[in-house]
Amino acid sequence: MRRSLHSGENEGGSRGRHSSPILSAADKHRLAILRRALLQFFEEHHRSYPWRRTKNWFHLLMAEMMLRRTRADQVLPVYKEFTDRYRTAADALADGATVREMLRPLGLGWRNEAIFDTLAYLRDNMAVRRLPPEADMIAIPGVGEYSNGMLRSILFADRVAAIDTNVVRILCRFDGLPEKGEMRRSPLIKERAAYLVDTEHPAQVNLSLIDFGALVCTARSPDCEHCPVRRPCRYS
DNA sequence: GTCCCGAAAC
DNA sequence: GTTTCAGGAC
């Protein structure tokens with residue numbers, strides 16, 4: 001069945017002569033506590049957005065692109081208008097000038113150009129309404145590791161992590177890791193995120209991290225007072 | 001690693 | 001004025 005999954009990852013396979021960063025039993029125990037708290041938090045305080053409810057992969061993909069380095073509340077009206085008007089990439093491209101105007105309030109002009117590249121690719125290579133379950137979405141221009149993880153976990157319940165700045169911040173704080181450089185591709189972060197999503201509900205785990213980072217473990221002044229994992233957390 | 005370089009929040 | 005925001009391409 002699933003053929004091309006796990007193309008390069010190392011799921012606990014040490015392959016290294018010296019100490020490759022494998023999670024210890026203690027690490028996993030701590031992460032299990034974090035995961036349980038995240039799912040509980042998500043159940044009680046999750047944010048509600050239309051792209052959280054849709055099963056339209058095209059709309060979901062457009063949401064991920066609009067949300068790139070842009071606040072969710074800022075995306076909301078644009079997403080509504082876009083999805084209300086267009087159901088396929090061809091539809092949107094046929095009305096390009098209007099789309100460009102709709103995206104303008106989001107800022108980041110270079111990102112909007114990337115969206116048009118994605119739309120063109122979808123129109124030319126994925127004219128089929130249904131997204132093949134086996135398709136590797138990272139082949140789509142504009143879809144990187146993060147979006148691929150979020151899309152696959154939501155659409156197919158695949159246990160793929162979606163590591164964004166929130167995930168990096170939360171995991172670094174929780175385990176006392178230094179936030180230096182591009183932590184997105186750090187094996188320490190990847191292994192921890194992979195362990196967190198290895199559950200029956202990977203999408204909920206991915207989304208809970210986003211909401212937890214937006215509402216509690218914020219970048220500026222985290223609300224450690226009301227944090228459910230304040231005790232095991234190593235952030236001071 | 002580096003660049004992309006915009007609106008909103010602080 | 002500075003930081004932050006559901007990152008991705010090179």
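For clarity, every value in this text was computed on a predicted model and none was experimentally measured. Sequence lines set the chain letters: A, B, ... in the order given, protein chains first and strands last, and positions in each chain run from 1.
Electrostatic pairing of A:Asp211 and A:Arg52 counts as a salt bridge here, judged by a charged N lying under 4.0 Å from a carboxylate O.
Within residues 70-80 of chain A, the residues having any heavy atom closer than 4.0 Å to DNA chain C are, in order of number, A:Thr70, A:Arg71, A:Ala72. The stretch residues 171-186 of chain A comes close to DNA chain C through A:Arg184, A:Arg185, each having a heavy atom under 4.0 Å from the strand.
Listed by first then second residue, pairs satisfying side chain to side chain donor-acceptor pair (under 3.5 Å) with a partner in residues 75-84 of chain A read A:Glu81-A:Arg85, not counting sequence neighbours. Applying the ring-ring contact (aromatic ring centres under 6.0 Å, His included) test to residues at least two apart or on different chains, none of the pairs has a partner in residues 97-125 of chain A. Annotation: ring-ring contact (aromatic ring centres under 6.0 Å, His included) contacts involving residues 204-236 of chain A, sequence neighbours excluded, comprise A:Phe41-A:Phe212.
Partners of A:Arg220 under the side-chain hydrogen bond (donor to acceptor under 3.5 Å, both in side chains) rule, at least two apart in sequence or in another chain, do not exist in this structure. When the side-chain hydrogen bond (donor to acceptor under 3.5 Å, both in side chains) test is applied to A:Arg35, no partner is found at least two apart in sequence or on another chain. Residues forming a salt bridge (charged side-chain N to carboxylate O under 4.0 Å, His left out) with A:Arg30 (at least two apart in sequence, or on another chain): A:Asp175. Every residue two or more places apart in sequence or in another chain was checked for a side-chain hydrogen bond (donor to acceptor under 3.5 Å, both in side chains) with A:Arg173, and none qualifies.
Checking A:Arg220 against A:Gly107, the closest nucleotide of DNA chain B that is more toward the 5' end is the one next to A:Gly107.
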Please tabulate, for the side chains in residues 97-104 of chain A, all donor-acceptor contacts under 3.5 angstrom to protein atoms that are two or more places apart in sequence or on a different chain.
| unit_1 | atom_1 | unit_2 | atom_2 | d |
| --- | --- | --- | --- | --- |
| A:Thr98 | OG1 | A:Asp95 | OD1 | 2.9 |
| A:Thr98 | OG1 | A:Asp95 | OD2 | 3.4 |
| A:Arg100 | NH1 | A:Glu113 | OE2 | 2.6 |
| A:Glu101 | OE1 | A:Arg104 | NE | 3.4 |
| A:Glu101 | OE1 | A:Arg104 | NH2 | 3.4 |
| A:Glu101 | OE2 | A:Arg104 | NE | 3.4 |

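For the P atoms, the distance from C:dA6 to B:dC10 is 13 Å, rounded to whole Å.
With contacts defined as side-chain heavy-atom distances shorter than 4.5 Å, the pair A:Arg47/A:Ile210 qualifies.
Counting non-hydrogen atoms under 4.0 angstrom, A:Ser147 reaches the backbone sugars and phosphates but no base.
Within the 3.5 Å criterion, the main-chain N or O of A:Met65 finds a donor-acceptor partner in the side chain of A:Arg111. Between the A:His59 side chain and the A:Tyr86 main chain, a donor and an acceptor come within less than 3.5 Å of each other.
Side-chain polar atoms of A:Asn206 and A:Ser153 form a donor-acceptor pair below 3.5 angstrom.
Of all nucleotides in DNA chain C, those with any atom nearer than 4.0 Å to a heavy atom of chain A start and finish, going 5' to 3', at C:dT3 to C:dA9. For DNA chain B, the span of nucleotides reached by chain A at under 4.0 Å from its heavy atoms goes, 5' to 3', from B:dG1 to B:dC10.
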